[in-house]
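Working notes for the structure below.
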Amino acid sequence: MSKVTVFGAGAWGSTMAQVLSDAGNEVLLWGRSEDVIAEINTSHTNTKYLGAHTLPHALTATTDLQQAFDFSETYVLAIPAQQLRTTLQEWKPFFKPTSTIVSTLKGIEISTQMRMTEVIEDVLGSHKIAIIT
């Protein structure tokens with residue numbers, strides 16, 4: 001069993017976290033909304049994004065960014081594409097040199113016309129990070 005951190009507790013991030021948990025991984029889901037995270041941890045639902053769908057009981061969630069980065073070295077990004085650059089710039093000190101980043105983001109950064117993996121490489125280029133798309 002691998003430890004995986006999923007960043008983004010919206011519909012896509014919650015779904016990715018469920019798939020990874022169902023596959024036997026130990027998953028920690030990070031999100032900004034304390035209400036959403038509390039609901040995931042207590043009711044195992046995320047009604048704001050997934051209606052009445054029940055999430056795995058083994059899936060846990062946090063709003064604590066440091067805890068999320070400390071949990072594993074495999075990071076699944078499921079955050080809004082147009083916030084990627086700003087978010088990664090804020091989070092850059094948390095990434096480990098041995099981190100593996102799985103990008104589930106689609107789209108192109110409007111201001112630069114870069115693909116999401118190019119944005120990741122542009123911001124985190126000084127890290128030795130494996131990027132999987």
Side-chain angles (χ1 to χ4, degrees):
M1 176 176 357
S2 297
K3 286 186 165 191
V4 180
T5 303
V6 176
F7 289 95
W12 185 231
S14 297
T15 301
M16 291 301 304
Q18 174 164 359
V19 168
L20 290 163
S21 180
D22 288 348
N25 297 289
E26 188 177 346
V27 180
L28 179 63
L29 178 60
W30 176 88
R32 294 183 191 276
S33 170
E34 291 187 17
D35 292 339
V36 168
I37 297 305
E39 179 184 343
I40 291 168
N41 286 328
T42 58
S43 303
H44 307 287
T45 58
N46 185 345
T47 54
K48 181 175 181 180
Y49 297 102
L50 300 178
H53 180 76
T54 302
L55 294 166
H57 286 256
L59 175 64
T60 57
T62 186
T63 59
D64 184 325
L65 191 59
Q66 184 69 58
Q67 179 186 6
F69 274 98
D70 288 346
F71 181 76
S72 76
E73 291 188 9
T74 301
Y75 309 126
V76 176
L77 300 179
I79 61 175
Q82 296 309 314
Q83 295 176 5
L84 180 62
R85 181 177 297 276
T86 302
T87 300
L88 289 179
Q89 287 169 336
E90 292 172 13
W91 292 358
K92 189 173 181 176
F94 294 99
F95 286 94
K96 301 172 184 84
T98 54
S99 298
T100 298
I101 298 173
V102 179
S103 175
T104 67
L105 309 176
K106 62 181 181 175
I108 294 177
E109 184 178 49
I110 294 169
S111 62
T112 65
Q113 298 297 298
M114 288 180 161
R115 294 183 318 272
M116 296 297 100
T117 52
E118 291 175 317
V119 174
I120 295 167
E121 290 171 342
D122 191 42
V123 175
L124 302 177
S126 63
H127 289 67
K128 292 182 180 177
I129 296 173
I131 301 171
I132 301 168
T133 58

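All heavy atoms count here, side chains included; hydrogens, waters and symmetry mates do not. Start at 1 with the first residue, then count along the sequence.
In R115, the CZ atom is not crowded: 12 or fewer heavy atoms of neighbouring residues, nucleotides or ligands sit closer than 6.0 Å.
For T5 against S72, the heavy-atom pair with the smallest separation is OG1-OG, 3.0 Å. Nearest heavy-atom pair, M16 versus T104, reported as atom, atom and distance to 0.1 Å: CE-CG2, 4.0 Å. Residues E118 and M114 share a closest heavy-atom pair of OE1-CA, 3.4 Å. Nearest heavy-atom pair, S21 versus V27, reported as atom, atom and distance to 0.1 Å: N-CG2, 3.6 Å. Taking both residues in full, the closest heavy atoms of A9 and V36 are given as O-CG1, 4.0 Å, listed atom of the first, atom of the second, then distance. The two residues A17 and L59 have their closest heavy-atom pair at CB-CD1, 3.7 Å.
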Hey, can you pull the donor-acceptor pairs under 3.5 Å for the side chains in residues 61-68, sequence neighbours left out?
unit_1, atom_1, unit_2, atom_2, d
T62, OG1, D64, N, 2.9
T62, OG1, Q67, OE1, 2.7
D64, OD1, Q66, N, 3.0
D64, OD1, Q67, N, 2.9
Q66, NE2, D70, OD1, 2.9
Q66, NE2, D70, OD2, 3.3

Got a list of side-chain donor-acceptor pairs under 3.5 Å for residues 50-58, not counting sequence neighbours?
unit_1, atom_1, unit_2, atom_2, d
H53, NE2, Q18, OE1, 2.6
H57, ND1, H44, NE2, 3.1

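Residues passing the side-chain hydrogen bond (donor to acceptor under 3.5 Å, both in side chains) test with W91: none are found, sequence neighbours excluded. When the side-chain hydrogen bond (donor to acceptor under 3.5 Å, both in side chains) test is applied to T47, the partners found at least two apart in sequence or on another chain are E39.
Ring geometry for F95 against Y75 counts as perpendicular: the plane angle is over 60°, on a 0 to 90° scale with 30° as the lower cut.
Atom CD1 of I101 is separated from atom CG of L124 by 5.0 Å, given to the nearest 0.5 angstrom. Considering CD1 of I40 and CG of D35, their distance stands at 11.0 Å, rounded to 0.5 Å. Atom CE of M116 sits about 5.5 Å away from atom CD of Q82, to the nearest 0.5 Å. Rounding to the nearest 0.5 angstrom, the gap separating the CG atom in L84 from the CD atom in Q89 is 9.5 Å. Here the OG1-CG distance, from T117 to L77, works out to 11.5 Å after rounding to the nearest 0.5 Å.
When hydrophobic side chains of Ile, Leu, Val, Met, Phe, Trp and Tyr are connected at separations under 4.5 Å, L28 ends up clustered with F71. Alongside I110, the hydrophobic cluster contains no other residue (criterion: ILVMFWY side chains under 4.5 Å).
Checking T100 against T74 by side-chain atom types alone, no donor-acceptor pair falls below 3.5 Å.
Here the side chains of V119 and L105 are not in contact, with every heavy-atom distance at 4.5 Å or above. Side-chain contact check for D122 versus T112: every heavy-atom pair is 4.5 Å or farther apart.
If you chain together hydrophobic residues whose side chains sit under 4.5 Å apart, L88 and F94 fall into the same group.
Although no hydrogens or angles enter the test, the distance criterion places no donor-acceptor pair under 3.5 Å between the side chain of T86 and the main chain of Q83.
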